[in-house]
Amino acid sequence: MQEIINIIKELRTLSGNAQLEFLRTHKDNELLKEILLYSSNPDLQFHVKEAKFNKIEDKCNTDNTPVYVIGNSKGGHWEYFKTKFLIPFSEQKGVKDFEIEAMILFMSILSEDIKDLFKCVLFKDEKTGMGISSYNKVWSDFKFDFPYLGASGLTDKNMNKIKYPCLAQNKEDGLFCNGIVDILKNKVEYMSRQGKPLLLGNLLDDELKVYASQFGYDKLVFTGEIRVLADESIFNYLLQKAKSEEDIKALGEEELLIKKYLPRELSNGLLRDEKRPLHLNNFIRYIIWDYIPWGNFVNKHFGDICIDRFNNLNHIINAFDFDYLTIPDYIIANNYEEILDYFQVVRNNKEEGLVIKNFDSIWKDTKSLAFKFKAKEDCDLQIIDFIEGKGALEGACGAVYCKSSDDKLFVHVKPRTPDLCKYVWENKEEFLNKILMVEYNEKKLGQDKVIYTLNHPVWSEVRVDKDVADKLEDIK
């Protein structure tokens, strides 16, 4: 740490090109680079005002400073300061006084030089007169806007962009994570979509290092989401932590236990819970759907096509018995009907929807190369007719015909499963005039520009508690 302090002190005595030339002689110092990034990165705000810090410091009695575990001298103080204070503070909207006091107590056991350096980082000014643009001249990947291959909503306007066969993956709903693996340095980092550090510990490190080593790159970025399996032991732990009847009700015991994964809020809460029992780590999964070599990630472009990238992920996952790493559930869809059928499968599994990807799409920083297919709204409609299916559904219900109560919206809705298709066809009287809850992602005018219909309608459930359909004006 003293070497870092000496370098920064020297930088304060220099200016212009002399600063850059001096800093370039230390460009291989990763700890220096990290400390300067935390100090200068405007996206990392620690939400502690210097005046408040000084006020609390004045009140602290450091004679009874507790003993801290701070690791070895090579970055040990910094690692503790970063993981126990900086990153947690950056994730909070406000930092409590007792948290600032704990930080001050820790800093009180440090030398004055280290303490002053850490305060410079905390208050975002290392007093060198340099900034992001200067540091980027020394390290090309020092600070850049993290790219993201997203997905746009699937609509009638862009549906013709899907090329069959295509890849249809379950749309995961967890904690998005860039898992960055540096093979040469034997190091793993976890970053948010915006490039902010994620505190995930080292649970995934060993498996990610093994996984990354199979791709043939020195440094690799995995993109995916971290989720927690909805096991009964997880639910029991959450129940024990619940503080009120409302919290217990919010857990939704029955709904929780029929899902494969916890809802995002519960999943992310468990990941942030440092006091969770160790055996619950067995239910954590990093669901990886893509990878990008680091250099291509920085340049925001990777030319390997989607199906090759996914096949590589899949092949290597299947070759190893990983505990925590997996890929999304998926199908290869040959037509839109197969996409609809698979969408119904994932909705039946209480998942959010699908992401559709063309085989030949490359990787770049955009939302135009993949398509989200998910239900965003629901409404209640009256079943008024039945249409026989074709092919495998001949002799079964291919769709029910539904309408709003004011006859201003009509739509065909396919029953959820082949068994339900058959049952509805054989028991039409049981469903005729009943109210069906339909999920959809858009209300739109039909081809006649008079009557409305729904985009991507999905059978949800027959409402036994309702006998009047919604009006058009009530359908969003």
Sorted by chain and number, sequence neighbours left out, side-chain contact (heavy atoms from CB on, under 4.5 Å) with Lys27 holds for Val138, Trp139

Residues 289-306 vs salt bridge (charged side-chain N to carboxylate O under 4.0 Å, His left out), sequence neighbours excluded, gives Asp290-Arg309

For Lys9, the salt bridge (Lys or Arg N to Asp or Glu O under 4.0 Å) test, sequence neighbours excluded, returns Asp113

Between Phe85 and Phe118, ring centroids under 6.0 Å
no

Residue set satisfying salt bridge (Lys or Arg N to Asp or Glu O under 4.0 Å) with Glu207, at least two apart, ordered chain then number -> none

Sequence neighbours excluded, the answer for side-chain contact (heavy atoms from CB on, under 4.5 Å) partners of Ile331 is Ala168, Ala333, Tyr342

By side-chain contact (heavy atoms from CB on, under 4.5 Å), Asn335 pairs with (sequence neighbours left out) Glu337, Glu338

Heavy-atom neighbours of Lys196 NZ exceed 12 at 6.0 Å: no

Sequence neighbours excluded, the answer for ring pair (Phe, Tyr, Trp, His ring centres under 6.0 Å) partners of Phe222 is Tyr211, Phe215

Kindly indicate, with the supporting measurements, whether the criterion side chain to side chain contact (heavy atoms under 4.5 Å, CB included) is fulfilled by Leu32 and Ile8.
CA-CA 9 Å; Leu32 171 66; Ile8 292 177; 4.3 Å; yes

Applied to residues 140-150, the side-chain hydrogen bond (donor to acceptor under 3.5 Å, both in side chains) test, sequence neighbours excluded, yields Lys33-Asp141, Asp43-Lys143, Asp141-Trp294, Tyr148-Arg193

Residues at least two apart in sequence or cross-chain that pass side-chain contact (heavy atoms from CB on, under 4.5 Å) with Lys49, listed by chain then number, are Lys52

Here the salt bridge (charged side-chain N to carboxylate O under 4.0 Å, His left out) pairs for residues 123-133, sequence neighbours left out, are none

* If you count the non-hydrogen atoms of other residues, nucleotides and ligands that lie under 6.0 Å from CG in Leu278, is the total more than 12? -> no

Residue set satisfying salt bridge (Lys or Arg N to Asp or Glu O under 4.0 Å) with Lys163, at least two apart, ordered chain then number -> Asp360

With sequence neighbours left out, the residues meeting salt bridge (Lys or Arg N to Asp or Glu O under 4.0 Å) with Arg416 are none

